[in-house]
Protein chains: 2
Amino acid sequence: MECIVQGGIGAATIRRVAEIADVTPGLVRHYFPDKNTLLCAAHKATMSKMTTQAIQSLDNCRGGPLARLRLFIETSLQAPVVHPRNYQLWASFTSLINAIPEIGISHREAYIDFRNECESLVRDVFAEQQRDIDDKQIERYAIAVNALIDGLWLEGCLAMDLFDSGSLSELGVESVQSLLDLETL
Amino acid sequence: MECIVQGGIGAATIRRVAEIADVTPGLVRHYFPDKNTLLCAAHKATMSKMTTQAIQSLDNCRGGPLARLRLFIETSLQAPVVHPRNYQLWASFTSLINAIPEIGISHREAYIDFRNECESLVRDVFAEQQRDIDDKQIERYAIAVNALIDGLWLEGCLAMDLFDSGSLSELGVESVQSLLDLETL
DNA sequence: TTGCTTGTTATACAAATGAATAATAGTATC
DNA sequence: GATACTATTATTCATTTGTATAACAAGCAA
């Protein structure tokens, strides 16, 4: 992953990986039969580290649906989730979803996990506020919230210098608030 | 670009490019002194084709600010802008922004163009509705709109099969409507 | 015709790369 | 303490890849 961060996928040769890990190329092969397997493992680790982070942050949240949604957004739009390093890894791996089918599969899985979490959070918020909204519409809201978070995450990673700490997640929270027509969030 | 679409950047070797273009590798070198130059040219072409498409669609729009904003969103969230091919190219190139500085520069330029367009459209809409909103807040709205479009574009490219034609852009329009607190769009 | 620029190919080369094999050291098991 | 398994290295090989050079064809200017 360090290789990819430094020079893109092209720099992620087995030799360079071994060099950074301070072992010999043979050892890499000992653990990973071929390069694709290694790339898949790195991809899985990266995605799980990012997606899971926002989802797991909710475990320690003793608050109502609104507070949970807020925390989810904030975690997703602050460091360490928002970081140029993550973007570099994410972009590199997703550029392989056609070339390496297994990466395509686990990428889709991670995406669905995140979207399901969005949907669940949105549903709980509406339930608490006793707004009766049908499933189809909740799904649409979840898609929009997901897209907004993804887009802001992207902007943040690419130009973190343009946002002072916290202002990105603040923008995210306020935007979702408008998106779902909530009085407070 | 066809190489990248098929097998990621790794597949974009000069020999393969030449093969698909039905020429010899030497000819590629005749026009592009080295591989980076070739990649940069392909990147520029790709970005301009995508970003410019949404912006240029406004030229033929004889409507008010609302209609223009709507058209901008719709163009950005429909084929041919929304297409797996575009995503593959975009992801591949953006994964090189650290490795190839020139790509980083033109990527940032394309991004700024798009965001400026968003900001301009949003400003015009508010001006027409005589809502007095300071520049800082307009910029924030533009960032959110930009993020939403980017995120939906991403979802659309990755899972176009999940959305029937037009439903993605419809979701985009409605979401921006909520985001900017507009009665109609 | 002559000469010059452009388009195009054929061929070559050194470096890098993924993969394989064999050998060596360490460590746990019985 | 002998054995088997794991961790690790050294070395090798066939391909691929970016780049370079030389040669050839074609169109065009003088």
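Only a predicted model underlies this, so the values are computations on that prediction, with no experimental measurement involved. Chain letters run A, B, ... following the sequence lines, proteins first and then strands; every chain starts at 1.
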Are any of the side-chain nitrogens in [X] or [Y] under 4.0 Å away from the carboxylate oxygens of its partner?
| X | Y | value |
| --- | --- | --- |
| A:Arg123 | A:Glu128 | no |
| B:Arg85 | B:Glu2 | yes |
| A:Glu139 | A:Arg115 | yes |

>> Is the ring pair A:Trp90/A:His107 parallel, tilted or perpendicular, if the boundaries are 30 and 60 degrees?
In response: tilted

>> Quick one, A:Met50 and A:Met47 - any side-chain contact, counting heavy atoms below 4.5 Å?
In response: yes

To the nearest Å, give me how far apart [atom1] ([X]) and [atom2] ([N]) are.
| X | N | atom1 | atom2 | value |
| --- | --- | --- | --- | --- |
| A:Arg15 | C:dT17 | CZ | C1' | 5 Å |
| B:Leu39 | D:dT17 | CG | P | 14 Å |
| A:Phe32 | C:dA19 | CZ | P | 13 Å |
| B:Glu19 | C:dT9 | CD | P | 13 Å |
| B:Ile14 | C:dA12 | CD1 | P | 19 Å |

> Do the side-chain N or O atoms of B:Arg29 get closer than 4.0 angstrom to the phosphate oxygens (OP1, OP2) of D:dA20?
Replying inline: yes

> When every nucleotide of nucleotides 3-9 of chain D is labelled 5' to 3' by its protein contacts under 4.0 Å (heavy atoms), B for base, S for sugar-phosphate only, - for none, what sequence of letters results?
Replying inline: ----BBB

>> To the nearest 0.5 Å, what is the distance between OG on A:Ser57 and CZ on A:Phe72?
In response: 7.5 Å

